[in-house]
Amino acid sequence: MPTDFALIGHQESWRAAADVLALLRGPDHPPIPDEEVPEILPWIPPRAVCRIEVRSVLGSTVHGLYIDSFIPPDRLGPAFLRENLGRVREAAAYASREGAKIVSLGGFSSILIEGNIDRLFEHAGAIFTTGNTLTVAFIVQGVEEMCALQGRDLRSATLLIVGATGDVGSGVARCLAQRVKRVLLHARNPERLNRLEAELRLVGVTADVAPDLAHLPARADLVICAASLASPSLLLDGIATGAIVCDAGYPKNLSSGSRGARVFSGGLGQVTAGMTFEPDIRSILYNHPAPHVLHGCLLEGIALALEGRFEAFSQGRGGITPQRVQEIEAIAARHGIHLAPVTLRRTATVN
Amino acid sequence: MELVSCLDLSSTQSATVAANRPLWQDVLAQAVTGEMIAVLNYSSLAEICTDPEEVADALEHAEGERGHAAAFAAEGAKLGIDVPNDVGAKYWKRLRAAFLHQIEARDFIGCLIIQEVMLESFAVASYKRIGKVAPGSMGTTFALIAVEEEDHIEHAMLILRAERALDARRFDEKVYALHLEVMTTLAQMLARDDKDCGCELCHGGCVKPQLPKVGLTSSELRGASLQHYLKTLDALGLPGEMTLAWVAQLPV
């Protein structure tokens, strides 16, 4: 069977990692004790965990692999950058060996590689995409839908984008800045922040920059978190009461906080015609009430494979434009890949 | 002072080594026994080889492994330890028995899979880790032997790749059958909680809980060994998702 696509990801929590190992051990073997999992998982070299079949509403089918880079959930910090880059490269080499025509980089893999994607090109034969353009599309669609569900008018919103200078954050800024009343941009790097602010000024948007979440210049009532926060409370205590918060970072770690924020997961899409995982790890990968839901970044590679367009659609940092977002939205929609149902998070999910 | 001169250690290091002498004795006992098992395995292999070149290779490897055992024993002597070895000790006996089943079946490929893919993965990965923490010349000896073991695997890998190319499914089934027997034993050997501590080589209690004293853990040795094993199977072309499930099902 041909390998049309490969998805590279990793587990968000030790619980999920333990569940994957339990599934692989099968019903005849007792699960690995939780305390042993962190002593086993980091040693596993990147490799396929399951095979995936995805169907298009047009009747075609594509086949692929989910490759886990086995990045330990507690080693996402800068101290492990070199180690994690090595894991993503190994996963990319694996995808290439398996003959994958296009490879989507999920979650943290994408963040690691967005500035270094050309370093994956040594794996001839496979095309790599960060998948960030479809992620942006689903974030924007999700925000529109949640505003409609909550009776909020996007045009009167004060929008705060956290992680605004990243590939996803800047893409979201370009898509939404002109459609809201006021824009606040937050990122750690002041230089990049000023560059984005200047870019938006060229299209007539005056954005406020907020390099420090503790001193936001205004209370935002619409927040898009495009980066995972080390201290989510810093954000959630500084926004308007009842603000809508799109948690689009990785890992997703926001709860409603003291101000009763309405938090939902952003960037997720749904495959209308369905998909099959063998072994079935979907419930471990995606804790979502709707079926056939995946992250937009992974769905981008699948949509391109269904379309037969094996090209590096998303690469580098800061290249996502509203036109490119519309283009990938149209490709995905043609095959029945749409925004996943948006629902407010009921319980706190701080990892 | 004796240790200082023999292992090229400072007096502080020498005192630490002296305190950990019982631990190094057990570590060296496992290494010497493993090498003696390899000597026996290669000698047995020579008996079923028909190609004179292969006979010569097997006997050469047997001699090489005997040299490794002697080198480890010599490191023990520097510490004033008479390093025991017992190829009849519980786990090693099982591993030898698994190899002898292949000899009885005159299955050259089965023998290579056990010795070169499974036992050598365990040896190379473990020696590399021990080489990093063992004091003075003992560390150097472990590290050098790890490199030597790794070097002679290459020839076997060529033979095994060619064999798999003939019938991948049959080859993979054979590896799996041997995996269940051999890797299960190795995993039990390295399991953190060896309840009956029955390795029959440690001279006191089980050495595994003592390993952190010298900057090692049994889970690190297990992890490194299984990682090396998985990468070796990858290099042979076995599907990664299949071998992942095999390893995930091993005892912990």
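A note on names: the letters A, B, ... follow the listed sequences, proteins ahead of strands, and every chain is numbered from 1. Just so it is clear, the model here is predicted, and its values are computed rather than measured.
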Whatever's closer than 4.5 Å to a heavy atom in chain B on Phe70(A) counts as side chain
Checked Arg97(A), Arg51(A), Glu98(A) vs chain B; the most non-hydrogen pairs under 4.5 Å come from Arg51(A)
Counting heavy-atom pairs under 4.5 angstrom with chain B, the leader among Pro279(A), Ala48(A), Gly26(A) is Ala48(A)
Does Lys93(B), at its NZ atom, have more than 12 non-hydrogen atoms belonging to other residues, nucleotides or ligands within less than 6.0 Å? no
Residue Arg170(B) excluded, over 12 heavy atoms near CZ under 6.0 Å | no
List the steps, then state whether side chain to side chain contact (heavy atoms under 4.5 Å, CB included) holds for Trp43(A) with Arg222(B). CA-CA 9 Å; Trp43(A) 295 99; Arg222(B) 174 185 61 190; over 6 Å; no
CD1 (Ile32(A)) and CG (Leu250(B)) are apart, to the nearest 0.5 Å, by 9.0 Å
OG of Ser219(B) to CD of Glu35(A), rounded to nearest 0.5 Å, is 11.5 Å
How close do [X] and [Y] get, counting heavy atoms only, and between which atoms?
X	Y	result
Pro33(A)	Val252(B)	CD-CG2, 3.8 Å
Arg25(A)	Gln249(B)	O-CG, 3.4 Å
Leu24(A)	Ala248(B)	CB-CB, 3.8 Å

Check: Between Glu241(B) and Arg47(A), is the closest basic N to carboxylate O distance under 4.0 Å?
Finding: no
Under 4.5 Å to a heavy atom of chain A? For Thr243(B) that would be side chain
Most heavy-atom pairs under 4.5 Å with chain A, out of Thr217(B), Leu226(B), Val247(B), Leu230(B), belong to Leu230(B)
